[in-house]
Amino acid sequence: MKKGVVVFTGFAFLLALSVPAVAQPSSKAVETRIIDNFDNVGSQDYQVPGKTVNSTEAHNWTWAVQASHYIDSEKGFPKLEYFEGQPNSLKLFNKEGDSPKVLGVKTSYLRKGENWFEVYPESEGKPYEIPFVGTVTQVDFWVWGANYLYYIDLLVRDADGRVYTLPAGNLAFNGWRNVIVPIPSYIRQHSRLRSGPTIMTFVGFRVRTDPDEYVDDFNIFFDQLKFSTNALSNIFDGYELKNVEFGDSSSSGSTSSQGEAK
């Protein structure tokens, strides 16, 4: 009896080895992806679901800024430009020939109050929302503060089309600071529907002035916008068939078949 048990166990072990193993994505497979390091103006290489956005495709984005009513528009505010520079902590990662840049915005308002401005990506002159990949745990970026009591928020759109405002702290400090914004679990990042939005997207930054703070001669700079994600969390066996297009030929073929049946 004991010998039979040993033989059966050995046979089961060999059978298990002969069956192909199906690799499942790990729930702990977290990686970091850079959305924009602001070094290449209007030319971002960014991996999105199903394709890579790069300088040869139509989905390039640049950055734009819009402000609330009391912005001093007669003097050209808000102003947006790229400048050479980066936080000291990022200089270690530079390669030979790199020319690091940062994105800068300057504002001036006509009076104190609840003023705001938004920095957002655009493509072909229209707002462009950058799609996230996988299930995002946090977004982080470097921001340069001018020690004004202003507040900065992160704007994201969930997979159902709702825009959420995520507080990222205040700008009452001098120089560069790395800001980390956790993504709350209540934000739906994936949709089971094929129509409309299916994933979470990055909408932009919003900066709000404190009602009692000075509102003239304000500068802010951004660098290294990235996020941490489990890029494989929503991948399943047969994922490549999710968005396949049948085309007009299939429809016309079905119509002709019905006609012959008549």
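Side-chain atoms are counted along with the backbone in the values below, which use heavy atoms only and exclude waters and symmetry mates. Each residue takes its place number in the sequence, starting with 1.
- With a 6.0 Å radius and a threshold of 12 heavy atoms from other residues, nucleotides or ligands, Phe83 has its CZ atom above the threshold.
- In the hydrophobic clustering of ILVMFWY residues, with side-chain heavy atoms under 4.5 Å counting as a link, Trp142 and Leu103 come out apart.
- Closest approach of Ile35 and Trp61 over heavy atoms only: O-CZ2, 3.4 Å.
- Distance OH/Tyr150 to CG/Leu171: 9.5 Å, rounded to 0.5 Å.
- For Glu81, there are no side-chain hydrogen bond (donor to acceptor under 3.5 Å, both in side chains) partners two or more places apart in sequence or in a different chain.
- Of all heavy-atom pairs between Phe205 and Ile152, the closest is CD2-CD1, 4.2 Å.
- Residues Thr229 and Val30 form no side-chain contact, since every pair of their non-hydrogen atoms from C-beta on lies 4.5 Å or further apart.
- Residues Phe77 and Leu110 fail the side-chain proximity criterion, which asks for heavy atoms closer than 4.5 Å.
- Inter-residue side-chain proximity for Ile199 and Gln189 is flagged as unmet; no heavy-atom pair is nearer than 4.5 Å.
- No donor-acceptor distance shorter than 3.5 angstrom exists from the side chain of Ser228 to the backbone of Thr137, with no hydrogens or angles considered.
- Taking the centre of each ring, Phe117 and Tyr120 stay at or above the 6.0 Å mark.
- Under a hydrophobic clustering in which Ile, Leu, Val, Met, Phe, Trp and Tyr are joined whenever their side-chain heavy atoms come within less than 4.5 Å, directly or via other members, Val143 and Phe227 fall into the same cluster.
- A chain of hydrophobic side-chain contacts below 4.5 Å, direct or via other Ile, Leu, Val, Met, Phe, Trp or Tyr residues, connects Met200 to Tyr164.
- When every heavy atom of Tyr128 is checked against every heavy atom of Ser123, the shortest pair comes out as CB-N, 3.7 Å.
- Between Leu166 and Ile183, the closest heavy-atom pair is CD1-CD1, 3.8 Å.
- In this structure Asp210 satisfies the salt bridge (Lys or Arg N to Asp or Glu O under 4.0 Å) test with no other residue, sequence neighbours excluded.
- Residues Thr107 and Ile71 form a side-chain contact, since some pair of their non-hydrogen atoms from C-beta on lies under 4.5 Å apart.
- Between atom OG of residue Ser108 and atom NZ of residue Lys79 there is a gap of 9.0 Å, rounded to the nearest 0.5 Å.
- Here the CG atom belonging to Asp98 is positioned 11.5 Å from the CG atom belonging to Leu90, to the nearest 0.5 angstrom.
- A salt bridge is absent between Lys101 and Glu84: the closest approach of a Lys/Arg side-chain nitrogen to an acidic carboxylate oxygen does not fall below 4.0 angstrom.
- Ring-centre distance between Trp63 and Phe38: below the 6.0 Å cut-off.
- Between the side chains of Asn94 and Lys91, no donor-acceptor pair is found at a separation under 3.5 Å.
- A chain of hydrophobic side-chain contacts below 4.5 Å, direct or via other Ile, Leu, Val, Met, Phe, Trp or Tyr residues, connects Ile130 to Phe141.
- Taken from CH2 in Trp176 to CH2 in Trp144, the straight-line distance is 9.0 Å, to the nearest 0.5 Å.
- Of the possible donor and acceptor atoms, one in the side chain of Asn115 sits under 3.5 Å from a partner among the backbone N and O of Arg111.
- We find that Arg157 and Glu129 are joined by a salt bridge, their nearest charged nitrogen and carboxylate oxygen being less than 4.0 Å apart.
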Stepwise, does the side-chain contact (heavy atoms from CB on, under 4.5 Å) test hold for Asp72 with Tyr109? CA-CA 5 Å; Asp72 192 355; Tyr109 294 89; over 6 Å; no
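- Side-chain contact between Lys226 and Asp140 is present, with at least one heavy-atom pair separated by less than 4.5 Å.
- For the 3.5 Å distance criterion, the side chains of Arg208 and Tyr151 fail to qualify, holding no donor opposite an acceptor.
- Panel note: side chain Tyr148, backbone Phe173; no donor-acceptor pair is recorded below 3.5 Å.
- Closest of all the heavy-atom pairs between Thr165 and Arg206 is OG1-NH1, 3.9 Å.
- When the side chains of ILVMFWY residues are joined at heavy-atom separations under 4.5 Å, either directly or via intervening members, Val179 and Val207 end up in a single hydrophobic cluster.
- Atom CD1 of Ile180 sits about 5.0 Å away from atom CG of Asn178, to the nearest 0.5 Å.
- Atom-to-atom distance recorded for Ile34:CD1 and Leu225:CG is 9.5 Å, nearest 0.5 angstrom.
- Side-chain contact check for Thr198 and His190: no donor-acceptor pair (N or O, by modelled atom type) lies under 3.5 Å.
- Of all heavy-atom pairs between Ser89 and Phe93, the closest is O-CE1, 3.7 Å.
- Residues Glu118 and Val65 fail the side-chain proximity criterion, which asks for heavy atoms closer than 4.5 Å.
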Determine, stepwise, if the pair Asp160 / Arg188 fulfils salt bridge (charged side-chain N to carboxylate O under 4.0 Å, His left out). CA-CA 7 Å; Asp160 291 330; Arg188 185 185 296 275; 2.8 Å; yes
Show every donor-acceptor pair shorter than 3.5 Å between a side-chain atom in residues 211-224 and any protein atom, with sequence neighbours excluded, or say none if there are none.
unit_1	atom_1	unit_2	atom_2	d
Glu213	OE2	Leu149	N	2.7
Asp217	OD1	Lys106	NZ	2.5
Asn219	OD1	Lys106	NZ	3.1

